[in-house]
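Letters A, B, ... are given to chains in the order of the sequence lines, protein chains preceding strands, and every chain is numbered from 1. Every heavy atom of this structure was used, including side-chain atoms; hydrogens, water molecules and symmetry mates were not.
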Amino acid sequence: MTLDNKKIKNGREDRMIKKLNNSKPQNGTNLEEDWDNFVQEEGLIDYNKIPLKRAEIKGWVKFAFWFLRIYIVIMIVLVIVGFSRIH
Amino acid sequence: MKDVKAQKDIKNMKEMEDIKKMKDIKDKLDKLPVDIKLRAVDRLKIHIMRQKYGYFSRLCLLLSLIGPGILVMIADNDAGGVITYAQTGSIFGLGFFIPFMVLMLPVAYIVQEMTVRLGAVTHRGHAEMIWKRYGKFWGAFSLADLVIANILTLITEFIGITLGMQFFGVSPVVSSMIALVVVFSIQLFLRYYTWEWISLSIAALNLVFVPLVFFVPHLHWNAVADSFKTWHISGGVSSLFIYVVLANLGTTIAPWMLFFQQSSVVDKGLTVKDIRDGQIDTFLGSFFMVLVAIAIVIITGSVVHGVQGSSNMSIDQILHIISIKMGIVPMKLFALGLIEAGLIATIAISASTSWAAGEALGWPKSINLPPLQGWYFYLPGLISVLIAGGVVLIPNIPLGFLNLTVQVVASIFMPAAMLFLLMLLNDKEIMGEHINKKWQNISAFIIVGFLIIMNGLYGITVVFPHMFGR
């Protein structure tokens with residue numbers, strides 16, 4: 001038991017667990033029983049493993065993409081012209 | 001006697017039960033990957049704080065949740081920003097640019113607040129969202145642009161650091177080396193919780209410009225107050241004036257800021273419950289950013305403006321005049337502010353590069369990763385810092401050309417980054433109830449539209465400097 005006590009006393013992680021144990025939940029959340037819910041709610045998941053669906057390009061988003069393409073092309077042409085004038 | 005023994009037994013049993021509970025949670029934490037485990041510990045703290053009621057507890061909770069917003073805004077007052085504000089004041093004095101800076105507060109807030117919501121709702125960074133929602137082409141385009149713009153911006157930060165250190169008698173080689181060691185140590189050896197607090201402590205030094213205002217001899221506070229009434233433009237509207245307006249707008253919102261704050265919100269572990277605090281954090285950051293910018297404009301507008309050649313002064317010359325008119329100590333404090341501005345921006349920009357690369361390429365991406373385990377996460381950011389720290393030491397390097405290229409790359413990239421932000425914030429599938437409201441969309445579209453036009457104009461004026469006349 002002494003060894004366990006020592007283990008629990010060290011580090012930020014252990015301090016936090018101790019605090020958690022001493023705090024009295026007022027909103028009814030009990031982490032020991034509701035750990036999975038806590039993990040889910042706090043986003044403590046590896047999101048790399050959860051696929052994200054590709055967006056459907058329609059409506060004003062389609063227009064925005066065309067604006068972007070045209071803007072980028074115009075800017076690149078202007079930059080090339082401008083830089084070639086500098087040198 | 002029996003009672004005492006029984007009480008002791010009950011106490012022991014309770015203790016044992018407590019230890020078992022603690023061990024249970026510890027075991028559950030140990031099952032998580034190391035970066036997520038450290039974030040879980042931080043979130044446990046927030047969870048405990050949420051159990052308490054009262055104003056003091058609420059304040060403590062807010063203090064624990066703030067960070068990304070203040071950090072991004074203060075880092076935006078980078079070396080290039082400090083130089084731009086100083087030159088703005090020395091060219092135009094106390095007038096138009098003081099109220100103009102106040103207008104930058106809602107501009108910065110409205111754009112950056114969207115990254116808080118997006119990060120808190122999706123738990124994914126900006127680069128990852130673009131890559132996965134809009135495909136590899138736009139993802140790669142955004143990442144490549146960000147990395148190039150960040151490396152070039154980092155060079156300007158190192159210019160600021162080495163320049164500021166010269167006023168303390170430190171050679172560029174030594175100051176570049178010191179900056180490299182500091183940034184490498186902060187990125188590699190601190191985990192998110194301490195990384196944020198150390199970064200915020202460095203960022204606090206940015207406020208050094210505010211008390212300096214009170215060292216300005218014979219400062220006319222009336223002139224400062226009048227500027228809000230008159231919006232007076234010294235010398236009238238000219239091509240130089242338009243250029244300076246565009247330069248100041250360009251320093252208010254930079255592409256890396258969108259990526260940085262969203263990734264920072266994700267790495268800190270903010271959730272939908274913390275959006276309110278994230279918004280307060282962003283507002284506080286915007287306020288400090290504007291406060292510092294106004295302080296610099298007031299200092300140089302009062303001390304340097306009107307001196308012969310003030311419309312075309314380098315930062316060395318501005319500091320020289322400050323030392324003559326205000327004294328050596330205020331000049332050194334100004335130089336210290338310049339060093340700090342470069343340093344905090346280097347930390348933030350290199351972190352944004354690492355996060356963006358990790359997000360786009362699907363690597364584990366967290367400052368909570370120990371260096372040996374997550375070396376590939378830190379590598380892109382640290383390589384970019386190394387390049388910048390080395391490039392700045394090359395003799396006769398065309399710094400003006402580099403600065404120009406930074407602005408051009410940013411002006412091409414900025415509309416793309418902001419449009420993606422708006423598209424994502426209007427994407428009900430991922431944002432749910434946190435989608436942009438009507439008034440948020442109207443203000444965001446006006447600001448983003450205005451910034452796109454101004455950014456485009458700025459990009460064009462840097463390559464065609466006489467477009468608006470001489």
Side-chain angles (χ1 to χ4, degrees), chain A residues 1 4-5 7-8 11-27 29-32 35-36 38-39 41-57 59-61 64-65 67-69 71-72 74-76 78-87, chain B residues 15-16 18-19 21-26 28-29 32-33 36-41 43-48 50-53 122-124 128-129 132-135 138 141 193 266 269 271 273 362-364 401 404 408 411-412 415-416 419 422-423 426-427 429-430 452 456 459-460 462-464:
Chain A
M1 193 171 126
D4 283 345
N5 249 329
K7 237 182 163 182
I8 302 276
R12 187 176 137 72
E13 175 190 334
D14 301 322
R15 277 203 313 274
M16 227 42 88
I17 297 171
K18 238 184 155 179
K19 264 191 192 173
L20 178 75
N21 200 45
N22 294 336
S23 74
K24 290 182 184 83
Q26 292 181 14
N27 58 4
T29 323
N30 190 346
L31 278 196
E32 293 96 61
W35 180 256
D36 291 340
F38 173 75
V39 165
E41 263 188 23
E42 298 291 339
L44 301 168
I45 307 161
D46 185 358
Y47 278 88
N48 278 341
K49 289 178 184 157
I50 303 172
L52 189 64
K53 217 177 90 191
R54 196 117 173 227
E56 222 178 297
I57 311 294
W60 72 274
V61 176
F65 272 113
F67 165 79
L68 262 183
R69 287 183 188 110
Y71 176 88
I72 291 164
I74 292 173
M75 286 303 283
I76 289 172
L78 282 174
V79 168
I80 292 168
V81 173
F83 277 144
S84 60
R85 276 175 162 203
I86 293 168
H87 296 286
Chain B
E15 246 176 48
M16 294 263 285
D18 283 352
I19 287 168
K21 271 186 196 171
M22 286 191 265
K23 277 197 76 183
D24 273 357
I25 292 199
K26 203 172 158 59
K28 281 169 181 161
L29 278 172
L32 297 170
I36 298 177
K37 177 185 164 182
L38 288 175
R39 191 182 309 142
V41 174
R43 294 306 298 175
L44 272 179
K45 183 182 162 196
I46 302 296
H47 176 82
I48 296 163
R50 281 199 194 283
Q51 312 290 321
K52 295 174 185 166
Y53 294 118
T122 62
H123 300 285
R124 298 176 198 259
E128 186 177 348
M129 290 307 295
K132 290 186 176 163
R133 285 298 277 175
Y134 301 117
W138 290 108
F141 169 79
Y193 178 79
V266 173
T271 65
K273 281 188 256 171
W363 297 337
F401 180 74
L404 189 139
V408 172
S411 69
I412 297 175
L419 271 176
L422 270 179
M423 286 187 231
N426 280 287
D427 191 336
E429 214 177 309
I430 53 165
I452 287 174
I460 295 167
V462 289
V463 281
F464 297 106

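Taking B:Val266, B:Val41, B:Leu32, B:Ile452 one by one and counting their heavy-atom pairs under 4.5 Å with chain A, the maximum is reached by B:Val41. Each of A:Ile74, A:Ile57, A:Ile50 has some count of heavy-atom pairs under 4.5 Å with chain B, and the biggest count is that of A:Ile50.
Proximity to chain A (any heavy atom under 4.5 Å) is shown, for B:Leu44, by both the backbone and the side chain. For a residue to count as touching a neighbouring chain, one of its non-hydrogen atoms must lie under 4.5 Å from one of that chain's; by this rule B:Pro33 does not touch chain A. With a 4.5 angstrom heavy-atom cutoff, B:Arg124 touches chain A only via side-chain atoms. Heavy atoms of B:Trp363 lying under 4.5 Å from chain A belong exclusively to its backbone. Interface residue A:Glu41: backbone and side-chain heavy atoms are both found under 4.5 Å from chain B.
Between A:Trp35 and B:Lys28 the shortest heavy-atom distance is CG-CD, 3.4 Å. Closest non-hydrogen pair, A:Trp60 versus B:Asn426, comes out as CZ2-CB, 4.0 Å. Here the closest non-hydrogen pair linking B:Pro364 and A:Asn48 is N-ND2, 3.9 Å. Across all their heavy atoms, B:Ala40 and A:Leu44 have their closest contact at CB-CD1, 3.6 Å.
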Open item on the list: Does A:Lys53 form a side chain to side chain contact (heavy atoms under 4.5 Å, CB included) with B:Lys132? I'd like the steps, not just the answer.
Closed with: CA-CA 7 Å; A:Lys53 217 177 90 191; B:Lys132 290 186 176 163; over 6 Å; no
Task: Pair A:Leu52-B:Met129, side chain to side chain contact (heavy atoms under 4.5 Å, CB included): steps then yes or no - done: CA-CA 8 Å; A:Leu52 189 64; B:Met129 290 307 295; 3.9 Å; yes
Task: Worked check of side chain to side chain contact (heavy atoms under 4.5 Å, CB included) between B:Lys273 and A:Glu42 - done: CA-CA 9 Å; B:Lys273 281 188 256 171; A:Glu42 298 291 339; 4.0 Å; yes
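With rounding to the nearest 0.5 Å, the separation of CZ in A:Phe65 from CE in B:Met423 is 4.0 Å. Atom CG of A:Leu68 sits about 7.5 Å away from atom CZ of B:Phe141, to the nearest 0.5 Å. Going from atom CD1 of B:Ile36 over to atom OH of A:Tyr47 covers 9.0 Å, rounded to the nearest 0.5 Å.
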